[in-house]
Amino acid sequence: EQNKSPNAVWQEVSVTRANREKLHGHRSLLVWFTGLSGSGKSTLVHATEQALHARGRRTYALDGDNVRHGLCADLGFSDNDRTENIRRIGEVANLFVDSGAIVLAAFISPFRADRQKARNLVDPGDFIEVFCDCSLEICEQRDVKGLYKKARRGEIKDFTGISSPYEAPIDPEVSLNTGELSVAECVERIMAVVEARTQLT
Ligand code: PPS
């Protein structure tokens with residue numbers, strides 16, 4: 001990315017991420033949920049956030065539909081706009097990680113290279129990719145928002161899985177068959193990985 005503010009100097013901080021993590025009693029982390037529309041990303045983000053919150057963890061959830069009303073309101077669903085969407089979200093998520101929060105991000109994020117860039121923004125080990133692995137058939141059958149029907153009718157162009165690609169993760173930290181597992185089972189698996197990674201040493 002071209003930096004258009006070459007004269008902006010980096011301001012050193014006096015309260016660090018490590019200070020904040022100590023105050024919170026746990027490490028911060030970025031948990032990145034990826035999958036087709038209707039694969040359960042938002043449901044799992046919110047259920048996991050509740051479980052973490054109940055244990056006294058500092059959390060923050062970033063969700064596709066919400067972010068697209070503000071931070072990314074100027075972006076659509078072309079390949080370039082999706083890349084820019086994920087770039088901005090990665091940067092924002094990184095700031096929240098620095099604030100000491102366990103960040104839960106729910107975005108289709110269909111391109112492997114874009115997810116890799118988000119991963120590279122945080123320290124190694126501070127990124128957990130959760131693949132919400134649900135077949136297109138099941139997502140389309142559920143069609144919670146009626147978007148697949150519209151996409152099939154040609155009323156939405158560039159729709160993921162129909163007229164725009166989805167590149168599945170190759171080696172995600174957590175892979176969940178969300179077409180078969182219950183929400184509780186999924187949350188249990190996510191929590192096991194998240195809780196292990198957020199222990200302060
Ligand atoms: S991306 O690809 O990561 O930039 O997408 P994201 O920001 O997660 O936004 C996905 C939600 O936008 C709605 N929507 C679409 N999805 C896919 N393709 C097209 N063309 C599209 N148009 C609108 C849809 O509600 C997605 O929400 P989820 O929660 O994934 O179903």
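Note that the coordinates shown come from a computational prediction; the quantities given were computed from them, not determined experimentally. Every number for a ligand or one of its atoms is a count from 1 in the order of the listing.
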Can you list the ligand 1 atoms lying under 4.0 Å from a non-hydrogen atom of [X]?
X: Lys157; result: 20 (N)
X: Phe107; result: 3 (O), 7 (O), 8 (O)
X: Pro110; result: 2 (O), 3 (O)
X: Ile86; result: 3 (O)
X: Gly38; result: 31 (O)
X: Ile156; result: 20 (N)
X: Leu147; result: 24 (C), 25 (O)
X: Thr160; result: 17 (C), 18 (N)

Looking only at protein heavy atoms, which one is nearest to [atom], and what is the separation?
atom: atom 19 (C) of ligand 1; answer: Phe159 CD1, 3.3 Å
atom: atom 9 (O) of ligand 1; answer: Arg68 NE, 3.4 Å
atom: atom 31 (O) of ligand 1; answer: Ser37 OG, 2.6 Å
atom: atom 3 (O) of ligand 1; answer: Ser109 N, 2.8 Å
atom: atom 11 (C) of ligand 1; answer: Asp65 OD1, 3.6 Å

Backbone of [Y] reached by a side-chain donor or acceptor of [X] within 3.5 Å:
X: Lys41; Y: Gly35; value: yes
X: Glu129; Y: Glu173; value: no
X: Arg88; Y: Leu71; value: yes
X: Arg27; Y: Glu21; value: no
X: Asn94; Y: Glu91; value: no
X: Arg112; Y: Pro169; value: no

Asn80 and Glu84: side-chain donor and acceptor closer than 3.5 Å? no
Compute whether any side-chain donor of one residue and acceptor of the other, for Asp114 and Ser109, lie under 3.5 angstrom apart. no
Heavy-atom distances under 4.0 Å decide this one: backbone, side chain, both or neither, for [X] against ligand 1?
X: Phe77; result: side chain
X: Leu75; result: neither
X: Asp158; result: backbone
X: Asp81; result: neither

Which heavy atom of Tyr148 sits nearest to which heavy atom of Asp143, and what is that distance? N-OD1, 3.0 Å
SB check Arg20 Asp98 (cutoff 4.0 Å): yes
Do Glu195 and Arg57 meet the salt-bridge criterion of a basic N to acidic O distance under 4.0 Å? yes
Residue selection (non-hydrogen contact nearest atom 16 (N) of ligand 1) among Asn66, Asp63, Ile108, Thr83: Ile108
Selection from Arg82, Lys145, Lys150, Lys41 by shortest heavy-atom distance to atom 25 (O) of ligand 1: Lys145
Contact check, side chains of Ile108 and Ser37, non-hydrogen atoms, under 4.5 Å: yes
Mark the output for Ser164 as yes if a heavy-atom distance to ligand 1 is under 4.0 Å, and as no if none is. no
